[in-house]
Each structure stands twice: as C-alpha cells, then as structure tokens.
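Encoded as structure tokens, the structure appears first; notes follow it.
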Amino acid sequence: MTKFRKKQKALYSIMKFFIIFGAVFLFVYIGVKPYVADFNTTLATVFAYFCDALVIIVMILVFMYYSKYGKIDSFLTSVENEINDYGYYISSRLESTAEEYIDIVKNDIKNSGYSINTDYSLGDFDVDFKAVKRKEFFYMVSIGDLDKNDVVAYIDSVINDIVVNNLKRKGNAVICFVTDKAQESAIELSKMITPVGKKGQLKVGVAIVEPTTKNTYFLGNVQSKCSKMIANFVMNCDLPIKETYIHKDKLPYQHKLAEKMEGFSLTDYNSGKFYIH
C-alpha cells in the first residue's frame with residue numbers, strides 16, 4: 001500500500017500543478033490576449049494552441065487520476081484508519097456484568113431522547129434493545145462468546161432492518177455487542193465502518209465491550225457520528241477520548257493487516273480477489 005500511495009500522491013501532485021498552472025495562465029492570458037494579438041498575430045495563435053493543449057492535458061490527468069484512484073481512495077483510507085487506530089479503549093463504566101451494563105446504557109440513551117424498543121427481533125436474531133432518534137440507530141446485543149460470524153450476521157440484519165423496516169437510506173447506526181469473550185476474528189471487524197449505498201449515506205459501526213475487563217473495541221481515531229455514539233453511550237466519555245481510557249498497543253491483527261496491505265494490488269481489488277478480513 002505504501003508504494004501504491006506514493007504513485008497516487010505523485011500523480012495527484014502532477015495533476016494539481018497543471019490545474020493551478022493552467023488556471024493562472026488562462027486567467028492572465030484572457031487579460032492580455034488583445035495586446036498579444038495587436039503585437040503579433042502569430043504569437044497569439046501559438047498562445048491559443050498552448051491554452052488548448054493545457055486544457056486537454058488537465059482533462060487527461062483528471063480522468064487518469066479519478067478513474068484509477070477515485071473509487072479506491074475511500075477504501076484505502078478506511079484501512080489506514082484501522083491500522084493506525086489504538087488497540088482498544090477502556091470503558092469508564094463501573095458495571096461488571098452484561099445485565100448491569102445493558103441497563104445503564106439503555107437508561108442513558110433513553111435520557112438522551114431516543115425511543116427504546118426492548119427485546120427487539122431482527123428476524124432470527126434478538127437484540128436486548130433498539131434505540132432510534134431521527135436518523136440515528138443503536139442496537140445492543142448480549143452474546144456470551146462472540147465470533148466473526150455473529151458480527152457479520154448482525155450487520156446484515158441491522159442494515160435490512162433500517163432499510164426495509166424503517167425505510168431509511170441515510171443515517172448512522174451502531175451495533176454494540178456485550179460479551180464475556182470476543183474472539184480475535186470478531187475484534188477484527190470492530191474497527192471498520194460499513195457504508196451502505198452508492199454514496200455510503202448509511203453507515204454502520206460496531207462496538208464490542210467486555211464488562212469484566214472494560215475493554216472496548218471500536219474505531220475511535222475517526223470522529224464520526226458512530227464513534228460519538230459509542231464513546232458517549234458505551235464508554236460514557238466524550239470525544240476525543242482521554243489517554244486514561246486508551247490502550248495504545250496495537251492488536252496482532254493490525255500488524256498483520258499492515259503487512260498484508262504492503263502487497264496491495266489494484267488489479268486484485270478490482271477483480272474481487274483482495275480481501276482484508
């Protein structure tokens with residue numbers, strides 16, 4: 001990914017230079033064009049061709065950049081956020097059992113103006129409660145032993161619930177898993193935000209908390225509506241998160257992901273052969 005980013009940065013710098021240079025040159029030339037024509041018609045013709053060439057070069061560079069890097073940039077940024085985030089965060093809540101933790105979070109969310117629906121069902125999956133306020137959705141789930149399959153299943157069910165049952169195409173949603181033990185495969189999915197729709201107008205974030213250890217896994221280095229909901233309700237703190245609640249050592253999967261991304265290939269990504277989780 002480092003080499004790929006260097007190539008992207010180089011092309012972006014070239015494109016930016018020609019855009020700025022072309023804009024300044026055209027602006028100046030428009031002002032002096034009558035004087036150049038009066039001075040020398042041949043020179044005026046040369047400048048006219050040069051302006052046309054500048055416009056064509058800029059159009060080609062813009063097309064090259066966005067056709068190659070436009071769609072991939074958000075993906076790479078999300079992966080970089082995963083890699084650069086802290087390993088995990090430490091909740092400030094004192095509750096040490098799942099039941100106590102869920103109750104206190106539910107009360108805080110209710111006092112914040114959310115409508116609460118307890119024992120809500122997502123098809124074949126149950127949640128302890130669902131909270132809704134305008135375009136904000138919060139689902140809390142208690143699972144004794146959490147793995148990757150659980151996280152994926154609930155993400156799919158939540159997206160379906162918001163889009164089909166709530167008829168929403170925009171908004172922010174958080175799925176908070178309260179668990180005795182989170183498997184590494186589940187933790188890997190806690191630091192990604194799932195965008196829904198062509199423009200990603202609906203975003204789904206995941207938080208995993210272990211009440212006995214207070215360890216809380218989520219993407220906390222990017223300030224968003226999802227991360228704010230997690231910090232406020234799950235951890236009972238504000239953004240940016242104070243160092244007291246940060247465990248800075250990265251997780252093993254973050255190191256593995258960084259190594260894997262060094263072999264990133266745009267060809268593999270476009271063909272659907274490249275996966276990060």
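- Looking only at distances, no side-chain donor or acceptor of Asn117 sits under 3.5 Å from a matching main-chain atom of Tyr120.
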Might you work through the side chain to side chain contact (heavy atoms under 4.5 Å, CB included) test for Phe47 and Phe25, ending with a clear yes or no? CA-CA 10 Å; Phe47 274 120; Phe25 185 88; 3.5 Å; yes
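- Residues Asn232 and Asp238 have side chains in contact (heavy-atom distance under 4.5 Å, counting atoms from C-beta outward).
- Ser190 contributes no side-chain N or O that, together with a main-chain N or O of Ala186, makes up a donor-acceptor pair within less than 3.5 Å.
- Atom-to-atom distance recorded for Phe129:CZ and Ser142:OG is 10.5 Å, nearest 0.5 angstrom.
- Expressed to the nearest 0.5 Å, how far NZ of Lys203 lies from CD1 of Ile193 amounts to 9.0 Å.
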Please test Tyr101 against Ser91 for side-chain hydrogen bond (donor to acceptor under 3.5 Å, both in side chains), starting from the C-alpha separation and ending with a verdict. CA-CA 11 Å; Tyr101 212 98; Ser91 174; 2.6 Å; yes
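- Using bins of under 30°, 30° to 60° and over 60° for the plane-to-plane angle, the ring pair Phe138/Phe233 lands in the perpendicular bin.
- If you look at Tyr12 and Tyr69, their ring centroids are not closer than 6.0 Å.
- Between Thr179 and Glu210, the closest side-chain pair of non-hydrogen atoms falls below 4.5 Å.
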Given ring-ring contact (aromatic ring centres under 6.0 Å, His included), test Phe75 with Tyr269 step by step and report yes or no. CA-CA 10 Å; Phe75 167 74; Tyr269 177 82; 4.7 Å; yes
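- Residues Arg134 and Lys168 share a closest heavy-atom pair of O-CE, 4.2 Å.
- You'll find the ring centres of Tyr154 and Tyr139 outside the 6.0 Å limit.
- Annotation: side chain of Lys130 is in contact with side chain of Asn166 (closest heavy-atom distance under 4.5 Å).
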Using the side chain to side chain contact (heavy atoms under 4.5 Å, CB included) rule, take Val196 and Gln201 through it: C-alpha gap first, then chi angles, then the decisive distance, then the call. CA-CA 6 Å; Val196 181; Gln201 294 172 309; over 6 Å; no
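- When side chains are defined from C-beta on, Asp150 counts as touching Asp147, because their heavy atoms get closer than 4.5 Å.
- Side-chain contact between Lys191 and Leu251 is present, with at least one heavy-atom pair separated by less than 4.5 Å.
- With values rounded to the nearest 0.5 angstrom, Ile246 atom CD1 is found 9.0 Å from Ile90 atom CD1.
- Although no hydrogens or angles enter the test, the distance criterion places no donor-acceptor pair under 3.5 Å between the side chain of Asn160 and the main chain of Asp156.
- Heavy-atom neighbours of Lys68 NZ from other residues, nucleotides or ligands within 6.0 Å: at or below the threshold of 12.
- Side chain of Lys250 to backbone of Asp85: a donor-acceptor contact under 3.5 angstrom is found.
- The line from CD of Gln223 to CD1 of Ile241 is 9.0 Å long, rounded to the nearest 0.5 Å.
- At a threshold of 4.5 Å between non-hydrogen side-chain atoms, the residues Met261 and Leu76 count as touching.
- Within the 3.5 Å criterion, the main-chain N or O of Glu82 finds a donor-acceptor partner in the side chain of Gln254.
- No donor-acceptor pair closer than 3.5 Å links the side chain of Asp161 to the backbone N or O of Ser157.
- Tyr29 and Met59 fall into different hydrophobic clusters, where Ile, Leu, Val, Met, Phe, Trp and Tyr are joined by side-chain heavy atoms under 4.5 Å apart, directly or via other members.
- Side-chain atoms of Lys225 and Glu136, non-hydrogen and from C-beta on, do get closer than 4.5 Å to each other.
- The CG atom of Asn221 lies 11.0 Å from the CD atom of Glu80; values are rounded to the nearest 0.5 Å.
- Hydrophobic clustering, with ILVMFWY side chains joined whenever heavy atoms are under 4.5 angstrom apart, keeps Ile143 apart from Val178.
- Without hydrogens or angle criteria, Thr216 side chain to Lys214 main chain gives a donor-acceptor distance under 3.5 Å.
- Taking the side chain as every heavy atom from C-beta outward, Glu243 and Lys248 approach each other to under 4.5 Å.
- The ring-ring contact (aromatic ring centres under 6.0 Å, His included) with Phe218 is formed by just one residue from the set Phe177, Tyr245, Tyr89; it is Tyr89.
- The number of heavy atoms from other shown groups lying within 6.0 Å of CG (Asp124) does not exceed 12.
- A salt bridge links Asp73 to Arg5: at least one charged side-chain nitrogen sits closer than 4.0 Å to a carboxylate oxygen.
- With hydrogens and angles ignored, the 3.5 Å screen pairs no side-chain donor or acceptor of Lys106 with any backbone N or O of Thr118.
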